[in-house]
Amino acid sequence: HAPVPLRETLSRQTGMYRVTQKASDEQAREVIVKTCNSEQGCLRKILWQIAPDVPHAVLLPDKFSPHPTPGDVPLLCMETCNFLVAAIRQKVKSSEM
């Protein structure tokens, strides 16, 4: 299936995660840098975008390449994971206080 942009994933959130729809692009970038960073433990290659034509966070370029380096297992991230959605929720909630 095709990669799903972050904004589309957040638009489907309900209940306590509905607040993620209020996240600014800058808030999303800050959380992506912390949550999706390979050095922090996420080894997947990000194929989704924040929104069409909206650039990602500042991460190493290989984080966005669907082509694995020799010896690597191709772990592809086609859609925002639950960990990132939860982290965005926390970021938005903390900025509302």
Side-chain angles (χ1 to χ4, degrees):
H1 73 58
V4 178
L6 172 67
R7 292 284 171 211
E8 185 176 328
T9 300
L10 297 182
S11 72
R12 295 190 312 251
Q13 301 306 306
T14 60
M16 67 186 233
Y17 292 98
R18 183 181 308 265
V19 72
T20 60
Q21 296 171 16
K22 296 179 182 180
S24 68
D25 289 347
E26 187 56 37
Q27 287 174 317
R29 284 187 192 97
E30 288 176 27
V31 176
I32 291 167
V33 166
K34 292 178 184 173
T35 307
C36 302
N37 190 325
S38 296
E39 293 163 4
Q40 299 296 328
C42 181
L43 301 177
R44 294 181 181 270
K45 303 290 185 174
I46 299 172
L47 301 184
W48 48 267
Q49 298 178 348
I50 291 175
D53 301 321
V54 176
H56 281 94
V58 180
L59 291 171
L60 295 175
D62 71 331
K63 185 68 176 177
F64 306 103
S65 172
H67 308 292
T69 55
D72 282 353
V73 175
L75 299 172
L76 304 178
C77 182
M78 301 296 285
E79 185 171 352
T80 306
C81 70
N82 294 338
F83 295 113
L84 184 59
V85 172
I88 291 172
R89 176 185 179 270
Q90 186 175 19
K91 178 73 173 177
V92 172
K93 294 288 284 180
S94 69
S95 69
E96 289 181 340
M97 296 180 161

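Once rounded to the nearest 0.5 Å, the distance linking CG of Leu59 with OG of Ser38 reads 7.5 Å. Taken from CE in Met16 to NZ in Lys93, the straight-line distance is 9.0 Å, to the nearest 0.5 Å. Separation of atoms CG (Asn37) and CD1 (Ile32) is listed at 12.0 Å; rounding is to 0.5 Å. One finds the OG1 atom of Thr80 at 4.0 Å from the CG atom of Leu6 (value rounded to the nearest 0.5 Å). Distance CG/Asp62 to NZ/Lys45: 4.0 Å, rounded to 0.5 Å. Annotation: the span from Trp48 atom CH2 to Thr9 atom OG1 amounts to 8.0 Å, rounded to 0.5 Å.
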Decide yes or no on side-chain contact (heavy atoms from CB on, under 4.5 Å) for Thr20 and Val92, but give the supporting numbers first. CA-CA 7 Å; Thr20 60; Val92 172; 5.6 Å; no

Run the side-chain contact (heavy atoms from CB on, under 4.5 Å) check on Ile46 and Cys36 step by step: do they pass? CA-CA 8 Å; Ile46 299 172; Cys36 302; 3.8 Å; yes

Could you please spell out the steps behind the side-chain contact (heavy atoms from CB on, under 4.5 Å) verdict for Gln13 and Val85? CA-CA 9 Å; Gln13 301 306 306; Val85 172; 3.8 Å; yes

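Checked by atom type and distance alone, the side chain of Lys63 pairs as donor or acceptor with a backbone atom of Arg44 at under 3.5 Å. A side-chain donor-acceptor contact under 3.5 Å links Gln21 to the backbone of Leu10.
Side-chain contact, Ser95 with Gln27: a donor N or O sits under 3.5 Å from an acceptor N or O.
Note on Val4: it does not cluster hydrophobically with Met78, by side-chain heavy-atom contacts below 4.5 Å among ILVMFWY residues.
Taking a 6.0 Å sphere around CD of Glu26, one finds it holds more than 12 heavy atoms contributed by other residues, nucleotides or ligands.
Within the 4.5 Å cutoff, the side chain of Pro5 has no heavy atoms near those of the Ile50 side chain. Inter-residue side-chain proximity for Leu84 and Val31 is flagged as met; some heavy-atom pair is nearer than 4.5 Å.
A pairwise comparison of heavy atoms in Glu30 and Lys91 identifies OE1-NZ, 2.6 Å as the closest pair. The two residues Pro66 and Leu47 make their nearest non-hydrogen contact at CB-CD2, 3.7 Å.
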